Student: 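Quick one: the structure is below, questions incoming.
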Amino acid sequence: MERDSTEGGAEDLLLEDKVSKLRAGSLHKHELAEAMEVEQEGLVEHQPLEQDDLNFEKWKPKPKPKRTLHEKIDDLKTYLWNAETKEFMGRSGKSWSLILLFYSALYIFLAAMFAGCMCCLMWSISPYAPTYNDRVMPPGMTMFPHVDVAHGFDIAFNASNRSSWRKYAKALEAHLKPYDDGVQDRRNINCERNSYFMQDDLEESAERKACQFKRSWLGECSGMKDKDFGYSKGKPCILVKMNRILGYLPGQGTPVNVTCGVKKGSTEGLGEVQFFPENIFNLRYYPYYGKLRHVNYSSPLVAVRFPSVKYDTQLHIQCKLNGKGIINDSATDRFLGSVSFTLEVGA
């Protein structure tokens, strides 16, 4: 028994020794393989590039094959309606329904908010007068005829050439139509002179009466005696007026007057200056209550006639408003309280 056990122990030792040697051999082989791989990598890194490797064209992505028109049309049809997935333009019916619902709700909300803001705004303001009006600017001034917007207030014509001044006469005639005596008698009333025509005691929405300003009062510049307004005789007329300002009382109780003179150059070429019906804006035409209440309001005019202008001389003329609270020398607004134009009359 002892011999058998001794022999069995020896066999176990031999077996363990063989296993350890095999393990050592396998580890050695594994280490050797790793070393050979590292060496191969080193050789590859130091190996010079071949000519084929420098050909970068082969690394470029290959162009996609061109699609025919028929294929493109088929793709478009599939995009518009995919029968397999039941999708329209890449979206299912549920997706389109949710999008339409969202944007419908969004725009309904925005429209309701805008309508609410507009209602609040219209409720808070008056259609007849500004709600807040803490500063009233002095009035501006304009003139007629004004036929050439591109060149401003320039008047140039030959008295003997009808076509050169006809446009000015037509513009004046058109502007004076509402001032015809018959029209003024029907629409407006004859008011007391030299005092403001106050109508503040009436309801806010009540229509205000307007004072008459008849065309015949303009005398030589009315176009009733001379249809050409003096242009055919080399004695032209112009009309000047103050711009309307709601509730404004010009002159602070004293009528605002008008003066005209040469702005640049010698005054000899201008000669005499005549005003019709007079060179003031009468107080009875003020205050102005707005177009909704002062329906038939006719702005007062001052006609200016130049009967002795020197021929073939360009004159730079300026007409000014003068009175309390009037500004006529603004450096930033050339129409504030004054108007400038050029006048050249040929024989």
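Quick caveat, the model's predicted, so the values are computed rather than measured. No hydrogens, no waters, no symmetry mates; every other heavy atom, side chains included, goes into these values.
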Student: I'd like to check Pro138 versus Ile245 (side-chain heavy atoms, cut-off strictly below 4.5 Å). Are they in contact?
Tutor: no
Student: Can you list everything that forms a side chain to side chain contact (heavy atoms under 4.5 Å, CB included) with Leu283? Sequence neighbours excluded, please.
Tutor: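 Side chain to side chain contact (heavy atoms under 4.5 Å, CB included) check on Leu283 returns Tyr196, Pro255.
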Student: Heavy atoms only: give me the nearest His294-Pro287 pair and the separation to one decimal.
Tutor: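 For His294 versus Pro287, the nearest heavy atoms are CE1-O, 3.5 Å.
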Student: Can you check whether Val256 reaches Ile326 side chain to side chain, under 4.5 Å on heavy atoms?
Tutor: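 Yes - at least one pair of side-chain heavy atoms lies under 4.5 Å apart.
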Student: Considering residues at least two apart in sequence or located in another chain, which fulfil the side chain to side chain donor-acceptor pair (under 3.5 Å) criterion with Glu278?
Tutor: Arg193
Student: Considering all heavy atoms of both residues, which atom of Ser164 and which atom of Tyr168 are nearest to each other, and what is their separation?
Tutor: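 Smallest interatomic distance, heavy atoms only, reads O-CE1, 3.6 Å.
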Student: I need the minimum non-hydrogen distance between Ser338 and Gln318, along with the two atoms involved.
Tutor: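 Closest approach of Ser338 to Gln318, heavy atoms only: OG-NE2, 3.6 Å.
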Student: Looking only at heavy atoms, which two atoms of Leu343 and Phe306 are closest? And how far apart?
Tutor: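 Distance-wise, the nearest heavy atoms are CD2-CD1, 4.0 Å.
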Student: Could you list all the disulfide (SG to SG under 2.5 Å) pairs where at least one residue sits in residues 275-347, not counting sequence neighbours?
Tutor: Cys260-Cys319
Student: I'd like a table of donor-acceptor pairs (distance under 3.5 Å, sequence neighbours excluded) in which one partner is a side-chain atom from residues 96-122, with atom names and distances.
Tutor:
unit_1: Trp96; atom_1: NE1; unit_2: Phe88; atom_2: O; d: 2.7
unit_1: Ser97; atom_1: OG; unit_2: Gly93; atom_2: O; d: 2.8
unit_1: Ser104; atom_1: OG; unit_2: Leu100; atom_2: O; d: 2.6

Student: Tell me whether the guanidinium CZ or amine NZ of Arg208 lies under 6.0 angstrom from the six-membered ring centre of Tyr289 and within 45° of its axis.
Tutor: yes
Student: Hydrophobic clusters join Ile, Leu, Val, Met, Phe, Trp and Tyr when side-chain heavy atoms are under 4.5 Å apart, directly or via other members; which others share one with Ile73?
Tutor: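 Its cluster partners, ordered by chain and number, are Leu69.
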Student: By ring pair (Phe, Tyr, Trp, His ring centres under 6.0 Å), which residues pair with Tyr285, not counting sequence neighbours?
Tutor: Phe213
Student: Between side-chain atoms of residues 231-243 and protein atoms elsewhere (two or more places apart, or another chain), which donor-acceptor pairs fall under 3.5 Å?
Tutor:
unit_1: Tyr231; atom_1: OH; unit_2: Cys237; atom_2: O; d: 2.8
unit_1: Ser232; atom_1: OG; unit_2: Asp228; atom_2: OD2; d: 3.2

Student: So, taking the atom named OG in Ser340 and the one named CZ in Arg334, what distance separates them when rounded to the nearest 0.5 Å?
Tutor: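 The distance works out to 7.5 Å.
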Student: Kindly state each residue pair satisfying disulfide (SG to SG under 2.5 Å) with at least one member in residues 166-216, sequence neighbours excluded.
Tutor: Cys191-Cys211
Student: Are Tyr286 and Tyr297 close enough that their ring centers fall under 6.0 Å?
Tutor: no
Student: With sequence neighbours excluded, tell me which residues meet ring pair (Phe, Tyr, Trp, His ring centres under 6.0 Å) with Phe341.
Tutor: none
Student: Taking all heavy atoms of Leu292 and all of Val295, pick out the closest pair and write down the distance.
Tutor: O-CG2, 3.8 Å
Student: Can you find a heavy atom in the side chain of Glu344 that is under 4.5 Å from one in the side chain of Phe157?
Tutor: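 No, side chains not in contact.
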Student: Got a sec, which residues hit side chain to side chain donor-acceptor pair (under 3.5 Å) with Ser216, two or more places apart in sequence or on another chain?
Tutor: Asp181
Student: Where the side chain of Ser308 meets the backbone of Glu272, is there a donor-acceptor pair that is under 3.5 Å apart?
Tutor: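 Between the backbone of Glu272 and the side chain of Ser308 there is a qualifying donor-acceptor contact (under 3.5 Å).
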Student: Report yes or no: is the cationic atom of Arg244 (NZ for Lys, CZ for Arg) closer than 6.0 Å to the six-membered ring centre of Tyr288, at no more than 45° off its axis?
Tutor: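 That pair qualifies as a cation-pi contact.
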Student: So, Trp217 side chain and Phe276 main chain: donor-acceptor pair closer than 3.5 Å or not?
Tutor: no
Student: Tell me whether Thr78 contacts the main-chain N or O of Asp74 through its side chain, where contact means a donor paired with an acceptor under 3.5 Å.
Tutor: yes
Student: Side chains of Asn194 and Asn282: closer than 4.5 Å at any heavy-atom pair?
Tutor: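 Yes; the side chains approach each other to less than 4.5 Å.
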Student: Under the rule for side chain to side chain contact (heavy atoms under 4.5 Å, CB included), what residues qualify as partners of Ala174, not counting sequence neighbours?
Tutor: none
Student: Does Leu218 reach the side chain of Arg305, with side-chain heavy atoms less than 4.5 Å apart?
Tutor: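 No, too far: nothing below the 4.5 Å cut-off.
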Student: Please determine whether a side-chain nitrogen of the Lys or Arg among Lys214 and Asp185 lies less than 4.0 Å from a carboxylate oxygen of the Asp or Glu.
Tutor: yes
Student: Do Arg215 and Glu173 pass the salt bridge (Lys or Arg N to Asp or Glu O under 4.0 Å) test, and can you show the C-alpha distance, the side-chain angles, and the key distance before you say yes or no?
Tutor: CA-CA 10 Å; Arg215 180 174 179 171; Glu173 178 66 29; 2.5 Å; yes
Student: Looking at Tyr128 and Leu246, what are the two nearest heavy atoms and their distance?
Tutor: O-CD2, 3.6 Å
Student: For His175, what residues pass the ring pair (Phe, Tyr, Trp, His ring centres under 6.0 Å) criterion, not counting sequence neighbours?
Tutor: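 Applying ring pair (Phe, Tyr, Trp, His ring centres under 6.0 Å) to His175 gives Phe144.
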Student: Is there a chain of hydrophobic side chains (I, L, V, M, F, W, Y, each step under 4.5 Å between heavy atoms) that links Ile280 to Val304?
Tutor: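 No; tracing contacts between hydrophobic side chains, which count when under 4.5 Å, never links both residues.
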